[in-house]
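First the structure, in the form of C-alpha cells, and then the observations on it.
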Protein chains: 2
Amino acid sequence: MRRKTGGMDFHLNPEFLQGTELFRDVPAAALHEIQAASSQRRVAAGQVVFRQGDSAAALYVVATGRLRATQTTADGQQVIIRYLGPGEVAGYTTLSGGGVHPGAVIAVEDALLISWTSAAIKRLMAEHSSIAMNAVAFLGARYHEMQVRIRELSTEKVERRIAHTVLRLVEQAGRRTARGIEIAIPLSRQDLAEMSGTTLHTVSRTLSAWEEQKIVSCGRRRVVVAKADVLTSIAEV
Amino acid sequence: MRRKTGGMDFHLNPEFLQGTELFRDVPAAALHEIQAASSQRRVAAGQVVFRQGDSAAALYVVATGRLRATQTTADGQQVIIRYLGPGEVAGYTTLSGGGVHPGAVIAVEDALLISWTSAAIKRLMAEHSSIAMNAVAFLGARYHEMQVRIRELSTEKVERRIAHTVLRLVEQAGRRTARGIEIAIPLSRQDLAEMSGTTLHTVSRTLSAWEEQKIVSCGRRRVVVAKADVLTSIAEV
DNA sequence: CTGGTTTATTGCGTTTCCGCAAAGACGCTC
DNA sequence: GAGCGTCTTTGCGGAAACGCAATAAACCAG
C-alpha cells in the first residue's frame with residue numbers, strides 16, 4: 001500500500017518537489033529532509049484516498065494522475081469541490097488542526113501520491129517558513145476560488161454556471177486536439193451537474209443545445225470545446 | 001486616518017493579540033515586535049475598509065466592531081461572503097501574493113482595526129512560525145466553510161438555505177434575550193438574501209411564514225430566533 | 001457478436017422561485 | 001408630528017429548472 005521513498009517505482013527528484021504548490025521555492029537544503037520524510041502511495045482509478053470524516057493523518061501531493069475532492073451531505077447528495085492534478089495538495093486539514101477530513105478524495109485516474117504524516121509536515125512547516133508561506137498562498141487561492149463559485153451559484157442561471165464550469169475545466173485540464181480543446185478528464189453529465197449545482201438532465205439538455213450550435217462536441221464522459229470564445233460570451237454576458 | 005500604536009484611544013495589550021485567530025499561542029517574546037509593527041485604523045459604520053480590486057497593502061485584525069466581506073460581479077450583483085468580528089482577520093490576500101483584494105470589506109458597525117503592512121506581516125510570519133501556522137489554520141477553516149456553503153447552495157432548497165444562514169448568524173452573533181436569541185447585526189432582508197443565494201422577496205416570505213409559526217420574530221433589520229430547535233430541524237431534515 | 005451495464009437523451013408535467021408592482025410599515029430629521 | 005426615505009410585505013403571473021419515465025446509445029466482458 002505505502003512504501004518508503006527509494007522504492008523502485010518512482011524517483012522523487014528535487015525538481016519535482018520544487019514544482020509543487022507546497023514546496024515551491026524551498027531552499028535546496030531542505031529538499032533532502034522533505035524527501036526523507038515522505039512516503040509514496042499508488043491508487044488505482046476509482047479508489048478512495050480518504051473518506052469524509054476520516055481523521056486527517058496524512059498530507060498528499062499528487063505526483064501523477066488526477067484526484068477528485070467531494071463533499072457529501074448526510075442524505076448522500078454530493079458536490080464536486082475540485083479536481084487535483086500533479087503538484088497539488090490533497091488533505092489540507094492535515095496541515096492545521098488534529099481534525100478530520102471535511103470531504104472525500106478519490107482517484108479518477110491511476111495516480112501516484114507522495115505523502116507525509118501530520119507530525120512530519122507540521123515540523124517541516126515550522127522549520128522552513130517558506131513551506132508555511134506556500135501553504136498560506138495556496139489555501140488563500142482555494143478560498144478565493146470558492147468565493148467566486150459561491151457568487152456564481154448565488155447569482156447566475158444554470159447555463160452560465162455550466163459554461164463557467166466547463167471553461168474552468170478547460171483551463172485546468174484542456175488538451176488541444178483537431179476538433180478543439182478536449183477536457184482530459186472523464187466527465188459524466190452527473191459530474192458536470194455536481195460541479196455546477198444542477199441536475200444531470202439540465203446538463204444534458206444544455207450540452208445538446210450547445211452541440212446543435214457547434215460550440216462543443218461531446219461523447220460519453222467526454223467534452224470537447226470547439227468555440228471557447230462563444231462559451232466565454234455565454235459565461236460573461 | 002491611521003495612527004501608530006501608542007495613541008491614546010486604544011491600548012493594544014498582549015492579551016488581546018493572544019486571543020485573535022492570527023496571533024493565538026504566539027510566544028510572549030514576539031508580541032512586542034508584533035505590536036510595534038502595528039497601526040490602528042478607525043472606521044465608521046458603512047465606511048469601506050478596502051474595495052474589490054484594491055491592491056492588498058495591509059492586513060487587518062478586528063479589535064472592536066463588525067465588518068462584512070462581499071464579492072461583486074461585473075454587473076453589480078453582490079454576495080456576502082462573511083461577517084468578521086473581534087479577533088478575526090480581514091484582507092487575507094495580504095498574507096501571500098502581492099495581489100489585489102478579491103472582495104470588498106466594509107464596516108457594519110463603528111470598528112477599530114489593527115493593521116500591518118504586507119511586508120511587516122510577511123516578515124513576522126517568516127520569523128515566527130506559529131503565526132504562519134495560525135494563518136494556515138484559519139484559512140483552512142474558511143475554505144471549509146465555503147465548501148459547506150457550496151454544498152448547501154447546490155443541493156438545498158431556499159427555505160433550508162435561509163435556515164442554515166440564520167443558524168450560522170446565531171452561532172456567530174447570537175445574543176440571548178427575553179424573546180429568544182437575537183442576531184446582534186443589523187440585517188436587512190436583502191442582506192439575508194445575499195447570504196442565502198436568493199432574493200429579498202423570498203426571504204421576506206419565508207420569514208413571514210416562520211413568524212406565523214412563532215419560530216422567529218423580526219423587525220426592521222432585526223431577527224430574533226425564538227425556537228432554534230425548530231429552525232434546526234428545518235435546516236437538517 | 002451478444003447480452004448486460006452504464007451513461008445519455010428527451011418529452012412532459014410540475015414545482016419552485018423569481019421578479020414586477022403596489023401598498024404598507026418603520027424610523028429619522030427637522 | 002409631518003414628511004421623507006428606506007425597508008418590508010404580499011399578490012400575481014410566468015420563467016426556469018427539476019424530476020419522472022421511457023428510450024436510446026455507448027461500452028465492456030466473455
Side-chain angles (χ1 to χ4, degrees), chain A residues 44-46 68 73 75-80 108 152-166 182-183 185-213 215-224 234 237, chain B residues 44-46 68 73 75-80 108 152-166 182-183 185-213 215-224 234 237:
Chain A
R68 171 202 297 180
T73 35
D75 58 310
Q77 296 216 75
Q78 198 181 72
V79 297
I80 296 176
V108 291
E152 288 175 12
L153 283 167
S154 300
T155 65
E156 294 178 357
K157 300 221 182 297
V158 262
E159 188 184 15
R160 280 178 70 174
R161 295 208 303 268
I162 297 172
H164 270 126
T165 300
V166 171
E182 176 174 0
I183 295 171
I185 307 174
L187 266 185
S188 68
R189 302 294 180 268
Q190 177 69 39
D191 293 337
L192 279 171
E194 288 177 8
M195 301 178 81
S196 313
T198 179
T199 62
L200 78 163
H201 307 280
T202 300
V203 169
S204 179
R205 280 183 260 260
T206 305
L207 288 185
S208 294
W210 289 349
E211 205 153 19
E212 195 91 4
Q213 301 169 254
I215 300 171
V216 300
S217 70
C218 37
R220 195 188 170 87
R221 289 163 144 280
R222 208 174 51 91
V223 179
V224 182
I234 290 172
V237 174
Chain B
R68 171 202 295 179
T73 35
D75 58 311
Q77 296 217 75
Q78 197 182 72
V79 298
I80 296 177
V108 291
E152 288 175 11
L153 283 167
S154 299
T155 65
E156 295 178 357
K157 300 219 183 298
V158 261
E159 189 184 13
R160 280 178 69 174
R161 295 208 304 270
I162 298 172
H164 270 125
T165 300
V166 171
E182 175 173 2
I183 295 171
I185 307 173
L187 266 186
S188 70
R189 302 295 179 267
Q190 177 68 37
D191 293 337
L192 279 171
E194 287 177 9
M195 301 177 83
S196 314
T198 180
T199 61
L200 78 161
H201 307 280
T202 300
V203 169
S204 179
R205 281 182 259 261
T206 304
L207 287 185
S208 294
W210 289 349
E211 205 153 17
E212 195 90 4
Q213 302 168 253
I215 298 170
V216 300
S217 69
C218 38
R220 196 186 171 88
R221 290 165 144 276
R222 209 173 52 90
V223 179
V224 182
I234 290 171
V237 175

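Sequence lines set the chain letters: A, B, ... in the order given, protein chains first and strands last, and positions in each chain run from 1. Both backbone and side-chain heavy atoms feed into the values below; hydrogens, waters and symmetry mates do not.
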Length of the line joining A:E211:CD and D:dA25:P, which is rounded to integer Å: 14 Å

Verdict with reasoning, B:T155 to A:T73, per side-chain contact (heavy atoms from CB on, under 4.5 Å): CA-CA 9 Å; B:T155 65; A:T73 35; 4.2 Å; yes

Distance check: side-chain N/O of B:S208 vs OP1/OP2 of D:dT8, anything under 4.0 Å? no

dist A:I162:CD1 -> A:I234:CD1 (nearest 0.5 Å) comes out at 10.5 Å

Taking for each residue the nucleotide of DNA chain D with the nearest heavy atom, is it A:V158 or B:L200 whose nucleotide lies nearer the 5' end? B:L200

Interatomic distance where CD belongs to B:E194 and P belongs to C:dC18 [whole Å]: 13 Å

B:K157 side chain near D:dA17 phosphate (N/O to OP1/OP2, under 4.0 Å): no

When you get a sec, tell me which of C:dC18, C:dT7, D:dT6 is the closest nucleotide to the side chain of A:S188? C:dT7

Classify A:R205 by what it touches in the nucleic acid, base, sugar-phosphate, or nothing, heavy-atom distance under 4.0 Å. base

With B:H201, the side-chain contact (heavy atoms from CB on, under 4.5 Å) member among B:T199, B:V203, B:T198: B:T199

Measure CZ/B:R222 against P/D:dT6 and give the value in whole Å, please. 22 Å

According to a strict under-4.0 Å criterion, is A:R189 in side-chain N/O contact with OP1 or OP2 of C:dT7? no

Starting from the 5' end of DNA chain C, give me the residue, B:T202 or A:T202, whose nearest nucleotide shows up first. A:T202

Once you round it to whole Å, what is the distance between P of C:dC17 and CG of B:L153? 12 Å

Classify the side chain of B:H201 versus the base of D:dT10 as yes if they form a donor-acceptor pair under 3.5 Å and no if they do not. yes

Using whole Å, what does the distance between atom P of nucleotide C:dG24 and atom CZ of B:R220 come to? 17 Å

CG of A:D75 to CD of B:E156, rounded to nearest 0.5 Å, is 8.5 Å

Does a side-chain N or O of B:T199 approach OP1 or OP2 of C:dC17 to a distance below 4.0 Å, or not? no

Does a side-chain heavy-atom distance below 4.5 Å link A:C218 with A:R189? yes

Atom CZ of A:R221 and atom C1' of C:dA8: how far apart are they, to the nearest Å? 12 Å

Would you mind reading off the distance between A:R161 atom CZ and D:dC18 atom C1', rounded to a whole angstrom? 12 Å

A:I162 CD1 - D:dC18 C1' separation (whole Å): 13 Å

What nucleic acid atoms does B:S204 come within less than 4.0 Å of, heavy atoms only: base, sugar-phosphate, or nothing? base

